[in-house]
Amino acid sequence: MNRLLFKRFQSTHKALSPAQKAYLDRVIRVDQAGELGADLIYAGQYMALSHKPALKPVLKHMWDQEIHHHNTFNRLQVDHRVRPSLLTPAWKAGAFAMGLFTGMLGKEGAMACTEAVETVIGNHYNQQLRVLSNGFQDIEEIGSDTTSDSADIKSLKETIKVFRDEELEHLDTAIEHDSKNARPYWLLTETIKLTCKVAVWTAERI
Amino acid sequence: MHFRGPIGRACVRPVFKPAVAVRGFQSVYHVETPTIDESKLENQILGRAYTKFVPEHGFTRQSVDLAIADLQLRPENLGGLFGIGLQVSDVVNELIMYHLKHTRANLSKYHDEAGKLATEGAKVRFYMQKRLLDNVPIIKYYHQALGRMILPTNLGTFLTELHNLSDDITYYSGDQSNDFAWYSKRFALSGAFVQSELFMLGDTTPDYSATISFMNDRVSDIDTLGYAYNSVEEWAIFNGISLVNLIKSQLARG
Ligand SMILES: [Fe+2]
Ligand SMILES: [Fe+2]
């Protein structure tokens, strides 16, 4: 904890620009809120569906990964002094309700929800990785003219890459478990996708 | 084109803005801009005015003029420094802001001492006490400064700085909150700080012991605040879950 204080640290890189700082601020805030949401969606689904023995370990595995994602971004939010989303109570309630509702629709409903969410989140993480590669090429090391990623930027990129891959695994899992058989499939997935996009936009800002 | 009247004044008056309004993402691997950039001439002037002349002459233009003379600078070369024409109100605002930033930056001297304290609450109180006592050298003039801070045109800037202070104190004290508690802690701390400062203006006890105990009372109220909020939330979730289970059991009965 409190890395800024207690490791009297020698910085390796020059200052980030205000725009870069603002971007990273948003990245951490929205990803934290998103992983919080994912954590609670699975909590809701697990509550609705854990009485089905075939499904329980599948859900539990994905849920455990989301808990790890969530904890990771919580730590990053504290370490980098990022303000969490003001709307966290709403994200908690909404995500839990979404998980519970889709879970009550049955296995297919829950999986359609996962499919929709992970489609949006996979794209969202890819978009962030693009910006982190293209928009952060100009940061110079201290005492030399070479540019490189600092350890923090590097590890943030790595984290997002790993999480992106795991989200896409969840997407595959959902399709393997008959997400396409959910009814009404189109309405359900499109509504959830839209909800996620609105939530992402909001959580970046508020 | 040359405007006269209020429009003209609005055009030439330098906009009073904090150097860093929003802190944003911080990383130990990247250089951070210091709270006060001492390499800048205007900060050297303000610093000299603040330490040497404000305790005597208050937050006034005169303190700045004395500092300029003291540093053996020529005032006629300084026109551009504090905005056009060294308008009194802006120099005074800058001087007040210097006080706030200087005392906030001072807190980083106390990390070793604070590290020996066991709890987050104890650390918050410790930093609050240090910060309040840093008002002592200028306390005679502080009501004037507060009066200026709450002017509508200045309020936003000074509230930002107040938020920076409570954010620093909570962070230094080891705050780990990830949700709404993050906000409740900071708002509560800002409130406690302002109340303690107002109390301090009328405090006649030696060493300001009354102010410190007033502050300690205020902070023990907020100690439980983040916790209180999350308890309400957990209570709501727990009841939500019970309700869902109730509905499920009713549905299962058919
Ligand atoms: Fe995730
Ligand atoms: Fe996921």
Side-chain angles (χ1 to χ4, degrees), chain A residues 1-16 18 20-29 32-33 36 40 43-44 47-48 70-71 73-89 91-93 96-97 100 104 139 142 149-154 156, chain B residues 19-34 37 107-112 114-115 120 123 127 163-164 167-168 170-187 226 229-230 232-234 236-245 247-248 251-252:
Chain A
M1 82 182 226
N2 272 8
R3 295 185 312 155
L4 294 190
L5 290 183
F6 299 116
K7 285 188 190 171
R8 301 270 150 84
F9 219 88
Q10 196 61 49
S11 304
T12 53
H13 284 68
K14 293 194 178 158
L16 295 160
Q20 287 166 333
K21 281 184 148 208
Y23 182 74
L24 291 167
D25 210 51
R26 279 188 171 189
V27 165
I28 305 271
R29 178 161 46 254
Q32 179 192 32
L36 162 76
L40 282 161
M47 173 168 289
H70 184 195
N71 288 340
F73 273 106
N74 280 349
R75 188 174 49 70
L76 289 171
Q77 175 250 314
V78 170
D79 281 353
H80 295 300
R81 303 190 66 174
V82 173
R83 161 180 82 77
S85 169
L86 180 60
L87 301 175
T88 40
W91 306 137
K92 285 184 193 177
F96 186 75
L100 197 64
M104 283 176 155
I139 304 164
I142 289 170
D149 283 344
S150 68
D152 272 340
I153 306 285
K154 211 179 283 169
L156 181 63
Chain B
V20 182
V22 183
R23 207 189 316 260
F25 181 97
Q26 308 254 307
S27 164
V28 284
Y29 293 98
H30 294 267
V31 179
E32 287 293 337
T33 8
D37 185 351
L107 292 177
S108 60
K109 288 183 189 158
Y110 305 118
H111 296 333
D112 289 335
E120 189 181 333
K123 287 177 190 171
Y127 283 112
H163 169 75
N164 286 343
D167 185 48
D168 276 359
T170 26
Y171 176 73
Y172 294 158
S173 307
D175 172 50
Q176 303 271 316
S177 38
N178 303 114
D179 51 15
F180 200 77
W182 189 97
Y183 292 89
S184 24
K185 270 191 194 174
R186 280 158 181 77
F187 282 130
Y229 168 75
N230 280 332
V232 170
E233 198 175 82
E234 270 161 32
I237 290 172
F238 174 78
N239 280 281
I241 290 170
S242 317
L243 183 67
V244 169
N245 284 332
I247 295 171
K248 267 168 76 177
L251 289 176

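Numbered from 1 within each chain, the chains take letters A, B, ... in sequence-line order. Please read these numbers as outputs of a predicted model, since none were measured by experiment.
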For a quick test of reading the model, state the closest non-hydrogen atom pair linking [X] to [Y] and the distance between them.
{"X": "Arg81(A)", "Y": "Asp168(B)", "answer": "NH2-OD1, 2.9 Å"}
{"X": "Asn178(B)", "Y": "Asn74(A)", "answer": "ND2-O, 3.3 Å"}
{"X": "Leu86(A)", "Y": "Tyr183(B)", "answer": "N-OH, 3.4 Å"}

### Task
Side-chain contact test, heavy atoms from C-beta onward, threshold under 4.5 Å: evaluate it for Val82(A) versus Gln32(A) and give yes or no.
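Not touching, per the 4.5 Å side-chain cut-off.
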
### Message
Is it true that Ser177(B) and Asp175(B) share a donor-acceptor pair across their side chains at a distance under 3.5 Å?
### Response
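Yes, side-chain donor-acceptor contact under 3.5 Å.
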
Measuring heavy-atom distances to chain B, does [X] have an atom under 4.5 Å in its side chain, in its backbone, in both, or in neither?
{"X": "Ile153(A)", "answer": "side chain"}
{"X": "Leu24(A)", "answer": "both"}
{"X": "Gln20(A)", "answer": "neither"}
{"X": "Arg26(A)", "answer": "neither"}
{"X": "Ala151(A)", "answer": "both"}

